[in-house]
Amino acid sequence: MKKQQTKSRSRIIPIAIATVALLSLGAAGYLYTHHKSAPEEAPNWLEIKQVRSGDTLILKHGEKLMYRGIQAPAEGEPLFDEARRRNEAFVVDKQVRARFEQDAERDKKDRLLAYAFVDKQLVNAELVREGLAYARITTDTTRYNQEILAPSAAAQKAKRGVWSLPAPAAESEYWADPKYGLFHGAACAQRGKAKPERIQTVRTRLDAFAHGWAPCGECKP
C-alpha cells in the first residue's frame, strides 16, 4: 500500500511542476497549448498587443519579443515605417506561433528571442526576403540559418529594400563580433567593449553580409 502511495506522489509532483511552468508562460504574454499532432514541440501562440518595428513585438502583458536572426531598420532610419507596416500585415489579427532556439529564450535586456510563424511562413525570413531587414546570425542562431541567409542573398542581388539604399563609403577593413552577429567600421567605439579573442577582421561589407552579419547601429558601416 505504501509503495502505491509513493508511486502516486511521484506522478503528481512532475505534473504540478509542469502546470506551474505552463501558467508562467501564459502570464508572459503568449499562450502555450499542447496538440497531440505535434508532441515533439508544443506551439506557443503569441498574443500581440502592438507591432513596435520590423523586428519587435509588444505582447499582451507588455513584454517585448524580438525576431531572432534578423535586424530591421531602427526608428529614424530609412525604411523603418515600411518594415513596421509590413510586419503588422504579417502578424496582426493572425495566429502567430513562436519557436525558439531554447525554451522562452531571452537576451540581456530580458526580451524574448523568437522565430515567428504564420501558418508555415517564417515571418523573420519573409522580411529579409523583401529587403526590410538584414540577416543577423549570431553564434547562438542555428535553427533557421539557411531559411534566413538564402532570402538575404536574393534580396541583395535584386537590390530590394535596404539593398537599394546608397552604401556608405567603403573602408579599408571592418571587424565583426560573431557572438552578436554585427560588423563594424574599423574605428567603431564598440571595439573597446568586445572581447579581443572574438574579434574577426572583415575585408569588405559584402564579406560581412555573406556571413549573415548586420551593420552596427552606431557606426553604420
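- Under the 4.5 Å side-chain contact rule for hydrophobic residues, Val91 and Ile148 share a cluster.
- The CG atom of Leu132 lies 11.5 Å from the CG atom of Asp81; values are rounded to the nearest 0.5 Å.
- Contact between Arg99 and Phe117 at its shortest, heavy atoms only, is CD-CE1, 3.7 Å.
- Within a 6.0 Å radius of CD in Glu105, other residues, nucleotides and ligands contribute more than 12 heavy atoms.
- Cluster annotation: Val123 and Phe80 are assigned to distinct hydrophobic clusters (Ile/Leu/Val/Met/Phe/Trp/Tyr, side-chain heavy-atom contacts under 4.5 Å, transitive).
- We find that Glu130 and Arg86 are joined by a salt bridge, their nearest charged nitrogen and carboxylate oxygen being less than 4.0 Å apart.
- The closest side-chain heavy-atom distance from Ile58 to Lys64 is below 4.5 Å.
- In this structure a side-chain-to-backbone donor-acceptor pair under 3.5 Å is present from Glu171 to Ala186.
- At a threshold of 4.5 Å between non-hydrogen side-chain atoms, the residues Ile70 and Tyr134 do not count as touching.
- For the pair Leu165 and Pro78, the tightest heavy-atom approach, listed with the atom from each and the gap, is CD1-CB, 3.8 Å.
- In this structure the side chain of Trp45 never reaches within 4.5 angstrom of the side chain of Val96, judged on heavy atoms.
- Residues Arg68 and Tyr144 have side chains that never bring a donor and an acceptor to within less than 3.5 angstrom of each other.
- A distance of 4.5 Å separates CD1 in Ile137 from CG in Asn145, rounded to the nearest 0.5 Å.
- For the residue pair Trp175 and Ala194, the shortest heavy atom distance occurs at CZ3-CB, 4.0 Å.
- The backbone N or O of Lys109 lies less than 3.5 Å from a partner atom in the side chain of Asp107, making a donor-acceptor pair.
- No donor-acceptor pair closer than 3.5 Å links the side chain of Arg136 to the backbone N or O of Leu182.
- A distance-only check finds a donor-acceptor pair linking the side chain of Lys94 to the backbone of Ala89 [under 3.5 Å].
- With a 6.0 Å cutoff to the six-membered ring centre and a 45° limit on the axis angle, Arg205 does not count as a cation-pi contact of Phe183.
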Go through the steps for Arg191 and His184 under the test side chain to side chain contact (heavy atoms under 4.5 Å, CB included), then give the verdict.
CA-CA 8 Å; Arg191 186 159 192 152; His184 311 255; over 6 Å; no
Might you work through the side chain to side chain contact (heavy atoms under 4.5 Å, CB included) test for Glu147 and Leu122, ending with a clear yes or no?
CA-CA 8 Å; Glu147 288 83 350; Leu122 176 57; 4.1 Å; yes
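- To the nearest 0.5 Å, the span separating CD on Glu218 from CD on Gln190 amounts to 4.0 Å.
- The aromatic rings of Trp163 and Phe209 lie perpendicular to each other, with more than 60° between the two planes, well past the 30° mark.
- Annotation: Arg203, atom CZ; neighbour count of heavy atoms from other residues, nucleotides and ligands within 6.0 Å does not exceed 12.
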Kindly determine whether Glu63 and Arg106 satisfy salt bridge (Lys or Arg N to Asp or Glu O under 4.0 Å), including the steps that lead there.
CA-CA 11 Å; Glu63 278 208 299; Arg106 297 173 184 274; 2.7 Å; yes
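- Here CG of Leu79 is found 6.0 Å from OG of Ser164. Values are rounded to the nearest 0.5 Å.
- For the residue pair Cys219 and Gly185, the shortest heavy atom distance occurs at SG-N, 3.3 Å.
- Side chain of Thr56 to backbone of Ser53: no donor-acceptor contact under 3.5 angstrom is found.
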Passes ring-ring contact (aromatic ring centres under 6.0 Å, His included), Tyr174 versus Trp213? Steps please.
CA-CA 12 Å; Tyr174 303 85; Trp213 297 329; over 10 Å; no
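- Shortest non-hydrogen contact noted between Asn124 and Ala114 is ND2-O, 3.3 Å.
- Looking at Thr141 and Glu101, their side chains come closer than 4.5 Å, going by heavy atoms from C-beta outward.
- Contact between Lys179 and Thr139 at its shortest, heavy atoms only, is CA-OG1, 3.5 Å.
- Looking at heavy atoms from C-beta onward, Leu57 lies in side-chain contact with Tyr67 at the 4.5 angstrom threshold.
- Taking the side chain as every heavy atom from C-beta outward, Tyr180 and Asp140 never approach each other to under 4.5 Å.
- A salt bridge links Glu77 with Lys220: the distance from a Lys NZ or Arg NE/NH1/NH2 to an Asp or Glu carboxylate oxygen falls below 4.0 Å.
- In this structure, CG in Asp93 is found 9.0 Å from CD1 in Ile48, a value given to the nearest 0.5 Å.
- Under the 4.5 Å side-chain criterion, counting only non-hydrogen atoms from C-beta, Pro178 is not in contact with Thr138.
- A distance of 8.0 Å separates CZ of Arg129 from CZ of Arg160, quoted to the nearest 0.5 Å.
- Put simply, the side chain of Met66 reaches to within 4.5 Å of the side chain of Asp55, judged on heavy atoms.
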Between Arg97 and Tyr115, is a side chain to side chain contact (heavy atoms under 4.5 Å, CB included) present by the stated rule, with each step listed?
CA-CA 8 Å; Arg97 176 181 182 176; Tyr115 302 99; over 6 Å; no
